[in-house]
Peer 1: 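Got a structure for you, questions after.
A quick note: this is a predicted structure, and the numbers were derived from the prediction, not measured. Residue numbering restarts at 1 for every chain, and letters A, B, ... go by the order of the sequence lines.
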Amino acid sequence: MAEQGRKHELAALLLRWYDLNARVLPWRVNGQDPYKVWLSEIMLQQTSVAAVKDYYIKFISRWPNVQALAEASLDQVLGAWAGLGYYARARNLHACACAVWAQGGAFPRHVSGLLELPGVGQYTAAAIAAIANDIPVAAVDGNVERVVSRYFGLTEPLPLSKPRIRELAQSLVPQLRAGDFAQAMMDLGATVCTPKSPACGTCPWAEDCVAKAKGLQSVLPIKGSKKSIPTRYGHVYWITNGNGHALVRQRPMKGLLAGMTEFPSSEWNEMKAGFSAPFVADWTQVSGVVEHTFTHFHLELTVWSTHQPSPVLDGHFVKFEDLREEALPSLMRKVATHALKD
DNA sequence: GATACGTGGCG
DNA sequence: TCGCCAAGTAT
């Protein structure tokens, strides 16, 4: 039917564009090892290509296959992941490597099997199946949502439009080169059909794009307005032993920054609270504050410094120079930098 | 469906 | 400066 022919032509146009314009990325060089596809896809969840590149190279160099990663400790993986954010990914990454290795070391080939793995949801399962195994499934991420919304001129807001987007995206997937098609859709969204001021002049689909015809290319997809986020306040304790060591401890295994290393702190509340010492000592306030923004709240931390010869608060001392190897999230690196600058 | 969950970069 | 956002998942 004519409709099928048009979709077939769209896929061909996009693949032709991809052959000329594919981005050169570390996880695209030589082949499509499922381990590398999986690792890159987990890292890329809600994270920019620029932020991922160095982490990906570091991980592949240190753990070149699923066995190596499975045999690493969770602490090592969290330490290597530190700074990349969404740390549940790192915990699930390690759990997933262990599961795959326990099952013989091969990743499932199909979406259904991949979906059983920790940290692998609908998008990631489809992406791995398509890219690693050329299975003709649509991997619908934010890029694809944008491209499809615009090409078909979908004016229903996200996330209501997701089911329709999935249908349409799947209808475009070619039987051949499904992996290239998945990556081509994402490259198109990332480099041409961008969120703001898309480069329709270079788009292989511009001729039939409904959004472009209606002048809606910078408007679609429609998304709900963002809620404002609150600010929380707290005090963080920079405890040194007078010998170039600072006291750290591990955060609980659940919740924000789970399992990561931290400098002890008070509770973080929306109501500013005065400083109350966690133990009797000679405390000095470090001038200025540490500010950090999480997904759902801003944080403002006041840093208090003291000397203490032996470990307290369930923590242990780490040499200043060795803090870099700790699984310190970005917030806590800011705290260390702030405290050491004074 | 709504919410928790990080971070750095960009217009 | 600051809102927006980048290859989502788990609950």
Peer 1: Under 4.0 Å between a side-chain nitrogen and a carboxylate oxygen: does that hold for A:Glu145 and A:Lys162?
Peer 2: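 Salt bridge between A:Glu145 and A:Lys162, a charged N being under 4.0 Å from a carboxylate O: yes.
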Peer 1: Hey, what are the protein-to-nucleotides 8-10 of chain B N/O distances that come in under 3.5 Å?
Peer 2:
{"from": "B:dG8", "atom 1": "OP1", "to": "A:Ser330", "atom 2": "OG", "distance (Å)": "3.1"}

Peer 1: What's A:Ile229 touching, base or sugar-phosphate or nothing? Going by heavy atoms closer than 4.0 Å.
Peer 2: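 Contact class for A:Ile229: none.
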Peer 1: Out of C:dT9, C:dC4, B:dG6, which nucleotide sits closest to the side chain of A:Arg89?
Peer 2: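 Ranking C:dT9, C:dC4, B:dG6 by closest atom to the A:Arg89 side chain puts B:dG6 first.
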Peer 1: Under a 4.0 Å N-O cut-off, is there an ion pair linking A:Arg249 with A:Glu262?
Peer 2: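 A salt bridge is present here (some side-chain N lies under 4.0 Å from a carboxylate O).
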Peer 1: Determine whether the aromatic ring centres of residues A:His292 and A:Phe294 are separated by less than 6.0 angstrom.
Peer 2: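 Between A:Phe294 and A:His292, the centre distance is under 6.0 Å.
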Peer 1: It should be established whether A:His296 places a side-chain nitrogen or oxygen under 4.0 Å from OP1 or OP2 of nucleotide B:dA4.
Peer 2: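 Checking B:dA4 against A:His296, no side-chain N or O comes under 4.0 Å of OP1 or OP2.
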Peer 1: What is the nucleic acid contact for A:Val49, judged by heavy atoms within less than 4.0 Å: base, sugar-phosphate only, or nothing?
Peer 2: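 It contacts base atoms.
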Peer 1: Provide the distance between the two P atoms, one in C:dT9 and one in B:dG8, to the nearest whole Å.
Peer 2: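 The answer is 22 Å between these two P atoms.
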Peer 1: Using a 4.0 Å heavy-atom cut-off, does A:Pro159 contact any base of the nucleic acid, only the sugar-phosphate backbone, or nothing at all?
Peer 2: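 The answer is nothing, as A:Pro159 stays clear of every strand by at least 4.0 Å.
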Peer 1: Among C:dA6, C:dA10, B:dG6, find the nucleotide with the atom closest to the side chain of A:Asn92.
Peer 2: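 Of the candidates, C:dA10 comes closest.
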Peer 1: Are any side-chain N or O atoms of A:His235 and backbone N or O atoms of A:Ala273, one a donor and one an acceptor, separated by less than 3.5 Å?
Peer 2: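 Checking the backbone N and O of A:Ala273 against the side chain of A:His235, a donor-acceptor pair under 3.5 Å is found.
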Peer 1: Please find the pair of heavy atoms, one from A:Arg23 and one from A:Arg28, that lie closest to each other, and give the distance.
Peer 2: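 For A:Arg23 versus A:Arg28, the nearest heavy atoms are O-NH1, 2.9 Å.
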Peer 1: Within the structure shown, what part of the strands sits under 4.0 Å from A:Gly255 by heavy-atom distance: base, sugar-phosphate, or nothing?
Peer 2: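 Sugar-phosphate, backbone atoms only, no base.
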Peer 1: For A:Asp187, does its backbone N or O pair with a side-chain atom of A:Thr191 as donor and acceptor, under 3.5 Å?
Peer 2: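 At least one qualifying donor-acceptor pair exists.
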Peer 1: Please state the P separation for the pair C:dA6 and B:dC5 - nearest whole angstrom.
Peer 2: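 The same atom, P, in both gives a distance of 23 Å.
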Peer 1: Atom CZ of A:Arg166 to atom P of C:dG8: distance rounded to whole Å?
Peer 2: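 Nearest whole value for this atom pair: 12 Å.
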